[in-house]
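To start, the structure itself, in structure tokens.
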Amino acid sequence: MRDSDSDTTGKTDTTVRTDGAEAAAPAAVLAGLDDRLPDLEALYKDLHRHPELGYQETRTAAEVARRLTGHGYDVTTGIAKTGVAGVLRNGPGPVVLLRADMDALPVTEDTGLDYASTVPGRMHACGHDVHVTCLLGAADLLAAGRAHWSGTLVVLFQPAEEVGSGARAMIEAGLYSEGLVPTPDVVLAQHVAPFGAGLIAYCPGACMAAADSLEITFHGTGGHGSRPETTIDPILMAASFVQRVQAVVAREVAPKDRAVVTVGSFHAGDTANVIPDRAVVRLSVRTFDEAVRTAVLAAIERIARAEAAASGADRDPEVTTLDTFPVTVNDTGVLAQVNQDFTQLFGEQRLFAYEPATGSEDAGLLATAAGAPLYYWWLGGWDPDAFRTALAAGRLAQDIPSNHSPHFAPVLRPTLTMGVEALTAAALNQLGEPAAG
């Protein structure tokens with residue numbers, strides 16, 4: 001149920017577990033994990049060696065489909081080019097969707113790992129290889145342990161998260177509308193992060209920012225560098241914009257609100273003595289509130305037009321949206337329910353709350369399109385001793401590589417172990433009890 005009479009968890013009262021069932025089911029289903037870990041570690045290393053960019057994840061998708069078929073799932077491939085979905089129907093009860101993203105980044109790896117990327121200029125620098133491995137492990141355990149739950153399990157392997165279009169593309173390809181998978185009652189997902197392996201972080205409500213990437217092209221009149229008076233210099237125009245646009249957050253966003261505006265790319269001209277006829281700036285905007293987002297984007301366009309007008313340009317700048325991510329919002333009811341099982345399984349000391357992150361995700365679209373609640377948590381992936389040492393020295397930013405770094409290298413254990421356990425426990429928490437008898 002997802003109407004106003006539901007308890008926001010996507011489950012009716014008849015599917016809520018008793019405390020005893022909550023304690024027993026994860027332990028029983030997870031009992032086979034140790035035997036599967038060597039295979040999962042080999043899978044992870046293979047995925048890490050062979051990273052694929054968004055909509056090019058053919059090798060990864062083929063391995064995912066092969067394994068899901070072997071576990072008894074109804075498998076659909078080629079969703080939004082390379083997406084894969086597996087459906088396991090196991091009697092009456094809720095529909096629970098577990099999601100992992102598959103794409104890598106255009107980053108040259110510099111980890112020194114013996115299983116480092118073999119593809120020049122490509123790397124799993126954001127841990128999506130961890131996500132795929134953990135979800136395949138959970139899918140295997142949940143299929144083998146189907147006697148301990150009832151309902152329908154959907155495991156979704158999404159392309160192109162890094163460019164912000166993969167989830168939307170799967171939805172537009174008919175994920176729900178064409179019945180490629182049953183519409184979920186709840187969506188669950190996790191992301192590996194650069195804090196100590198063996199920890200889980202959570203954030204109720206808005207947990208990750210909306211993101212808009214823009215390209216702004218300033219038009220001028222080119223000419224010889226020795227005669228600037230005969231030109232309208234787009235470099236000066238764009239440079240003034242870059243400085244001025246920083247005032248949007250400093251002077252137009254209230255201190256209680258959060259926003260980030262970052263210019264990450266500036267291209268103009270080819271040689272020293274020629275003033276070009278255009279300059280292209282790319283920037284990223286992060287916000288947590290739709291009204292703030294609208295105001296910031298409007299201010300950016302206003303400043304771009306004003307700088308062009310101040311320079312005497314005869315054309316307004318062109319503003320193009322490159323990609324966009326929505327705010328990721330965790331359902332507080334589902335979060336509280338799942339965290340009860342996380343606490344029982346891992347211990348209270350392994351869970352901690354964090355402030356909303358300015359990174360962005362598109363997993364929320366899968367929940368929004370279904371009218372379902374979302375719970376998205378962070379999975380620690382860094383060497384615990386190294387993390388504690390850096391934390392004690394106040395050097396986390398300097399010593400612990402972040403996601404998207406060429407040095408990003410999660411440790412295999414306990415990252416994979418806990419990732420499989422977390423997805424499995426979260427699914428069992430939201431699935432129904434097995435029929436009596």
Side-chain angles (χ1 to χ4, degrees), residues 47 51-61 64-65 76-85 97-107 121-129 131-132 135 154-178 180-181 183-184 187 189-191 206-216 260 262 264-265 280 282-288 290 293-294 297 300 318-329 357-372 374 376 403-404:
L47 294 174
E52 298 171 300
L53 299 181
Y55 301 119
Q56 300 173 23
E57 307 97 329
T58 54
R59 186 180 185 278
T60 304
V64 166
T76 302
T77 60
I79 309 172
K81 296 184 180 179
T82 50
V84 181
L97 187 151
L98 304 179
R99 174 268 199 178
D101 38 14
M102 301 187 293
D103 54 323
L105 285 159
V107 172
R122 302 286 184 268
M123 178 192 174
H124 269 297
C126 203
H128 295 187
D129 46 355
H131 306 166
V132 171
L135 183 49
V154 179
V155 288
L156 192 71
F157 294 82
Q158 177 201 310
E161 184 277 334
E162 294 293 356
V163 295
S165 63
R168 183 178 290 107
M170 294 190 85
I171 294 165
E172 292 175 351
L175 185 68
Y176 306 142
S177 62
E178 299 296 327
L180 302 182
V181 303
T183 302
V187 175
Q190 65 185 4
H191 201 301
C207 62
M208 297 185 75
D212 296 275
S213 294
L214 308 177
E215 179 179 272
I216 303 179
V260 177
T262 296
S265 175
V280 180
R282 290 187 173 187
L283 65 158
S284 176
V285 179
R286 312 279 173 150
T287 53
F288 290 89
E290 185 59 30
R293 174 179 176 267
T294 299
L297 293 176
I300 289 169
E318 297 172 11
V319 180
T320 303
T321 299
L322 301 175
D323 58 60
T324 182
F325 293 81
V327 177
T328 303
V329 181
T358 50
S360 301
E361 248 288 348
D362 66 354
L365 290 173
L366 298 167
T368 301
L374 169 76
Y376 185 99
N403 298 70
H404 292 212

Set of residues satisfying side chain to side chain contact (heavy atoms under 4.5 Å, CB included) with respect to Ser265, sequence neighbours excluded
His267, Arg282
Kindly say whether Ser284 contributes a backbone atom to a donor-acceptor pair with the side chain of Ser213 at under 3.5 angstrom?
no
Residues that Glu172 engages under side-chain hydrogen bond (donor to acceptor under 3.5 Å, both in side chains), provided they are two or more places apart:
none
Identify the two heavy atoms, one from Ala367 and one from Val187, that lie closest to each other, and give their separation to 0.1 Å.
CA-CG2, 3.8 Å
Report the distance from atom CD1 of Ile79 to atom CD of Glu178, rounding to the nearest 0.5 Å.
11.5 Å
I want to check something: taking the side chain as every heavy atom from C-beta on, are Arg168 and Thr324 in contact at a cut-off of under 4.5 Å?
yes
Is there side-chain contact between Val319 and Ile216, with at least one heavy-atom pair below 4.5 Å?
yes
Nearest 0.5 Å please: distance from the CG atom of Leu322 over to the CG atom of Leu283.
9.0 Å
Sorted by chain and residue number, the side chain to side chain contact (heavy atoms under 4.5 Å, CB included) partners of Leu297 (sequence neighbours excluded) come out as Asp212, Leu214, Val285, Arg293
Which heavy atom in Leu180 sits nearest to a heavy atom in Gly174, and how many Å separate them?
CG-O, 3.3 Å
Phe157 and Thr77, any side-chain heavy atoms less than 4.5 Å apart:
no
When the side chains of residues 158-165 are checked against the rest of the protein, which donor-acceptor pairs come out under 3.5 Å, sequence neighbours left out?
| residue | atom | partner | partner atom | Å |
| --- | --- | --- | --- | --- |
| Gln158 | OE1 | Arg99 | NE | 3.1 |
| Gln158 | OE1 | Arg99 | NH2 | 3.1 |
| Gln158 | NE2 | Asp362 | OD1 | 3.1 |
| Gln158 | NE2 | Asp362 | OD2 | 3.0 |
| Glu162 | OE1 | His404 | NE2 | 3.2 |
| Glu162 | OE2 | His128 | NE2 | 3.3 |
| Ser165 | OG | Tyr55 | OH | 2.7 |

Within the 4.5 Å heavy-atom criterion, are Leu374 and Val329 side-chain neighbours or not?
no
Contacts of Thr287 that satisfy side-chain hydrogen bond (donor to acceptor under 3.5 Å, both in side chains) - sequence neighbours left out
none
Could you check if a side-chain atom of Val84 sits within less than 4.5 angstrom of a side-chain atom of Glu57, using non-hydrogen atoms only?
no
On a heavy-atom basis, the closest approach of Met102 and Gly83 is CE-CA, 4.4 Å
Which heavy atom of Ala104 sits nearest a heavy atom of Leu53, and at what distance?
O-CD2, 3.7 Å
Interatomic spacing from CG in Leu366 to OG1 in Thr183 - rounded to 0.5 Å
11.5 Å
Closest approach of Ser360 and Met208, non-hydrogen atoms and distance?
N-CE, 3.5 Å
Which residues share a side chain to side chain contact (heavy atoms under 4.5 Å, CB included) with Thr58, sequence neighbours left out:
Glu52, Thr82
Going from CG on Asp103 to NE2 on His131, what distance comes out if it is rounded to the nearest 0.5 angstrom?
10.5 Å
Minimum heavy-atom distance Pro184-Ala372, with the two atoms named:
O-CB, 3.5 Å
In sequence, state the C-alpha distance, the side-chain angles, and the governing distance for Thr76 and Val181, and then conclude on side chain to side chain contact (heavy atoms under 4.5 Å, CB included).
CA-CA 9 Å; Thr76 302; Val181 303; 6.0 Å; no
Could you tell me the separation between the CG atom of Asn403 and the CG atom of Leu105, rounded to the nearest 0.5 Å?
9.0 Å
